[in-house]
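All values below come from the heavy atoms of this structure, side chains included, with hydrogens, waters and symmetry mates left out.
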Amino acid sequence: MRGMAFVTPASPVTKGNFLVAFVGPTASGKGELALRLAEDITAEIVCVDSMKIYRGMDVGTAKPKAEVRRRVPHHMLDLVEPDEPLTAARFGEMAREVIFEISSRGRLPLVTAGSGLYLRALLGWIFPGPGANWEVRERLRCEAEAKGGVYLHERLRVIDPQAAIGIAPQDERRLIRALEVHELTGRPISELQSDHAETPPPFAHPLLLGIRWRRSTLYSRIDARAEAMVKGGLVEEVNRLRARGFASHIPAMQALGYAQVGAYVDGRMTLQEALDTFQRQTRRFAKHQMTWFRGMGEVEWFDVPPQGLEALRSQLLRRIDAYLASRGATV
């Protein structure tokens, strides 16, 4: 449509000034809309997805193909191998640097976010904390197994009564994390979280645009996409990953699609059973995603009309225009 840089000479980009994010469940068309709008306004796309970070996991993550990436630059893809850890906090740090670099070149970063946790990390809304120390975690887990969650909770109450108020004795994961942080830093996790809350956010006024379908339509899209993935090479992709040594038990290979197709490859399901399970669990996951995003009160929701995504394009472009104008820039 316009194909020009969005920033006027009088309003150069500075860190944190501009951020537009599309949020929504899987198969909602976030990437498709972002691609079209990026071509309209010479933007670049930043993918905020907990699975697209893995190299070699392309079909089952709906990763944009090479020809799409040639049309519009896509960032934060193929960052690590499937068996390499990458925390949400570290992802957020890396994504912010990419976004600041895009902005420094006078382009608009368009974020597509399917992971609420990773988006919150990008926006600086979660406490990053020290990295995981698996030796400490395993020791604490063994203590919980031997002595119970009440024992860990009492330990936490002594060193960090504020955190203990908000963590139930049955919440082993959060108890272990709070004790781990104290052991690694010497400071209560509640104190560190309070310090983080007082830190100015990296993006003062991000524009978060939610894409929302009627549930029945979204579920039909999910089912069709899962079927297309299976027909389009997901079985072969799982076999390639297995051949490279990525075992079925690692977290990445337990992701939606990969776990079900892995069960088929192992002879524990028929291909139709694998597809049916993949579709059913993805529909359930989409519901969980919407719960995450509805909890982010800053999201402006746009319902997709019966005519489809293209009918929503001009409406979103006008909203982005208004956002940039309010920030002193134009497209």
Distance, nearest 0.5 Å, that separates [atom1] of [X] from [atom2] of [Y]:
X	Y	atom1	atom2	answer
Lys30	Cys47	NZ	SG	10.0 Å
Gln260	Thr282	CD	OG1	6.5 Å
Met57	Glu81	CE	CD	11.0 Å
Phe278	Tyr264	CZ	OH	15.5 Å
Leu275	Thr270	CG	OG1	9.5 Å
Leu33	Leu209	CG	CG	10.0 Å

For [X], all residues meeting salt bridge (charged side-chain N to carboxylate O under 4.0 Å, His left out), sequence neighbours excluded:
X	result
Arg283	Asp223
Arg173	none
Asp83	none
Arg284	none

Between the side chains of [Y] and [X], is the shortest nitrogen-to-carboxylate-oxygen separation below 4.0 Å, so that they form an ion pair?
X	Y	result
Asp78	Arg55	no
Lys147	Glu143	no
Arg90	Glu93	yes
Arg36	Glu310	yes
Arg214	Asp303	no

What residues form a side-chain contact (heavy atoms from CB on, under 4.5 Å) with [X], not counting sequence neighbours?
X	answer
Ala163	Leu156, Asp160, Ile189, Ser190
Glu236	Arg240
Gln254	Ala259
Glu145	Arg141

Considering all heavy atoms of both residues, which atom of [X] and which atom of [Y] are nearest to each other, and what is their separation?
X	Y	value
Arg242	Ser248	NH2-CB, 3.7 Å
Val48	Leu119	CG1-N, 3.6 Å
Gly56	Leu241	O-CD2, 3.9 Å
Arg187	Leu192	NH1-CD2, 3.2 Å
Phe22	Leu316	CE2-CD1, 3.8 Å
Leu309	Gly29	CD1-CA, 3.8 Å

Quick check: does any side chain N or O of [X] sit under 3.5 Å from a backbone N or O of [Y], one acting as donor and the other as acceptor?
X	Y	value
Glu44	Leu110	no
Asp49	Met51	yes
Arg107	Ile102	no
Arg69	Pro64	yes
Thr277	Glu273	yes
Arg221	Ala27	yes
Gln315	Leu312	no
Lys52	Met76	no
Lys63	Leu77	no
Thr291	Lys287	yes

**Request:** Please lay out, stage by stage, how Gln162 and Glu191 fare under the test side chain to side chain contact (heavy atoms under 4.5 Å, CB included).
**Result:** CA-CA 9 Å; Gln162 185 63 38; Glu191 183 179 296; over 6 Å; no

Flag the pair [X] / [Y] as yes when at least one side-chain heavy-atom distance between them is below 4.5 Å, and no otherwise.
X	Y	answer
Ile45	Thr112	yes
Asp276	Gln281	no
Leu86	Met94	yes
Val20	Val111	no

Just wondering, are more than 12 heavy atoms of other shown residues or ligands nearer than 6.0 Å to [atom1] in [X]?
X	atom1	value
Arg244	CZ	yes
Glu67	CD	yes
Phe246	CZ	yes

**Request:** With sequence neighbours excluded, tell me which residues meet side chain to side chain donor-acceptor pair (under 3.5 Å) with Arg225.
**Result:**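 Expected list: Thr26.
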
Kindly list each side-chain donor-acceptor pair under 3.5 angstrom involving residues 228-235, sequence neighbours excluded, with atom names and distances?
residue: Lys231; atom: NZ; partner: Glu227; partner atom: OE2; Å: 3.0

**Request:** Test Gln279 against Tyr219 for side-chain hydrogen bond (donor to acceptor under 3.5 Å, both in side chains), laying out the working first.
**Result:** CA-CA 9 Å; Gln279 291 170 327; Tyr219 285 1; over 6 Å; no

**Message:** Suppose the criterion is ring pair (Phe, Tyr, Trp, His ring centres under 6.0 Å): which pairs have a residue in residues 40-95, not counting sequence neighbours?
**Reply:**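 Passing the test, one end in residues 40-95: Phe91-Tyr118.
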
**Item:** side chain to side chain contact (heavy atoms under 4.5 Å, CB included) evaluation trace for Ile159 with Leu179
**Value:** CA-CA 9 Å; Ile159 63 174; Leu179 291 167; 3.7 Å; yes

**Request:** For side chain to side chain contact (heavy atoms under 4.5 Å, CB included), just list the numbers for Leu207 and Glu300, CA-CA rounded to whole Å, side-chain angles, deciding distance to a tenth of an Å, and then say yes or no.
**Result:** CA-CA 8 Å; Leu207 177 63; Glu300 299 178 27; 3.5 Å; yes

**Message:** For the aromatic rings, using the six-membered ring if either is Trp, is the centroid distance between Phe203 and Phe100 under 6.0 Å?
**Reply:**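 Close enough - the centres of the two rings lie under 6.0 Å apart.
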
**Message:** For residues 114-123, which residue pairs pass the salt bridge (charged side-chain N to carboxylate O under 4.0 Å, His left out) check, not counting sequence neighbours?
**Reply:** none

**Request:** Go through Tyr258 and Val265 one step at a time and tell me if the side chain to side chain contact (heavy atoms under 4.5 Å, CB included) criterion holds.
**Result:** CA-CA 10 Å; Tyr258 294 92; Val265 169; over 6 Å; no

